[in-house]
Amino acid sequence: MASAAVCSTKEQHQEEERKKQQDASDQLEIGEVHDVQELQRLCAAEDVPERYLREGDDRPGGANVCEQAQIPVIDVGELRRGGGDELRRLRLACEEWGFFQVVNHGIEGELLDGMEKAAREFFALPLEEKQRYPMAPGGIQGYGHAFVFSDDQKLDWCNMLALGVSPASIRRPALWPTTPALFSDTLVRYSAEVRALCAVLLAHVAETLGLAPGTFEGMFGGEAAVQAVRMNFYPPCPRPDLVLGLSAHSDGSAVTVLQQDAGRVGLQVRRGDAWVPVHPVPRALVINLGDSLEVLTNGRYKSVEHRAVTSGEHDRLSIVTFYAPAYDVEMGPLPELVADGEPCRYRRFNHGEYSRHYVTSKLEGKKTLDFAKIN
Ligand SMILES: O=C(O)CCC(=O)C(=O)O
Ligand SMILES: [Fe+2]
């Protein structure tokens, strides 16, 4: 009896939350947001709608793209073997870039290929089929466009499928595609491997800071830690010089794991005033540190702005996993990292509160982190 009562209260609560979200999205006026794969089929260069055309520094074709630099490559096998040099390289990568590619990460090539194939097959489905999993305006799960909140906002040349993976309470099974048939199974297997990789990486990141390896995992809430995936599909774009695939942003996660197509460059990482394109290393995964880690490390390691550009010739797919503390975790700089005489740069807050703030703000550089900064 007691558990049935608990269950129905939980269901009631979920139903109320859904209703609140529905009311919020009903109130949004976001104008027409096209499916960009459809738009690409119909649209010549001169017809790209004005809402996609960027101005000034926001344009991808600027002179501030730096082809000389490259984000570091870290060998996870070496880290596991206790390689001190590799740990030092990881520390430098975290301090200076906030981004690196990992090789020898232990995830089988076959699983990476399987996930890519399933995602590509999904995006290749007819629109009506994909719309069986709709993302509500202002929503964050399903197929559509996240982070669009007003009709005067610039739009990204990207279709997304975003899904909560864990804890179970954020999983919305109705939004998990049933076609291709192997999609869900593959995503479950893939997510377990990516999560294990996140644990390994966070343990080594902790070591680079002189912390016990279990520091981050220990405070992230175990089973309640949040894992979500977003698959971004960028069709070829007739004006890649004027349009962005994904607006500049930092991730709200602690750590992000990004899988991208071999040989297709699209991701760019902010380095001072320049943007550094990430050239995919075969079979590598791209790792970046998110806002949560910046807060926990009191800014020793920063989340770094990044964006995606499009190509006139080819499409591009990225499969992005966000790993973050449980929603009820209290965030704030770790006391060990607020050194004597050094100010505490971020306030304390509840991670769920930050998550809500993040997903209800448009992507705009590192602006969402103002939420936590002490000036
Ligand atoms: O597609 C990419 O390379 C970037 C994706 C990304 O930054 C994100 O989904 O947060
Ligand atoms: Fe990102």
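As the structure lists them, so they are numbered: ligands from 1, and atoms in each ligand from 1.
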Against heavy atoms of Leu258, which atoms of ligand 1 measure under 4.0 Å?
2 (C), 3 (O), 4 (C), 5 (C)
Counting heavy atoms only, which of Tyr234, Phe147, Phe322 is nearest atom 2 (C) of ligand 1?
Tyr234
Can you tell which part of Gln260 has a heavy atom less than 4.0 Å from ligand 1: side chain, backbone, both or neither?
neither
Quick one: which ligand 1 atoms are inside 4.0 Å of a heavy atom on Arg230?
8 (C), 9 (O), 10 (O)
A student checking ligand 1 against Asp251 at a 4.0 Å heavy-atom cut-off should list atoms 10 (O)
The answer for which part of Val278 has a heavy atom under 4.0 Å from ligand 1 is neither
Can you list the atoms of ligand 1 that are under 4.0 Å from a heavy atom of Arg316?
1 (O), 2 (C), 3 (O)
Check the orientation of Phe147 and Tyr358. Use parallel for under 30°, tilted for 30 to 60°, and perpendicular for over 60°.
perpendicular
Check this for me - ligand 1, Ser318, N or O atoms closer than 3.5 angstrom, yes or no?
yes
Answer with yes or no whether the side chains of Tyr323 and Ser292 bring together a donor and an acceptor at under 3.5 Å.
no
State yes or no: are the ring centers of Tyr52 and Trp157 separated by less than 6.0 Å?
yes
Can you tell me which portion of Leu246 lies within the under-4.0 Å heavy-atom range of ligand 1? Options are side chain, backbone, both, or neither.
side chain
Do you know which N/O/S atom name in Asp251 is closest to the Fe ion (ligand 2)?
OD1
Can you tell which of Tyr327, Phe371, Tyr346 makes a ring-ring contact (aromatic ring centres under 6.0 Å, His included) with Tyr354?
Phe371
Take every heavy atom of His249, measure it against each atom of ligand 1, and state whether any distance is under 4.0 Å.
yes
Report the atom name of the nearest N/O/S atom of His249 relative to the Fe ion (ligand 2).
NE2
Can you see whether Arg195 engages Ser166 through a side-chain donor-acceptor pair at a distance of less than 3.5 angstrom?
yes
Proximity to ligand 1 by part of Thr256, non-hydrogen separation under 4.0 Å:
neither
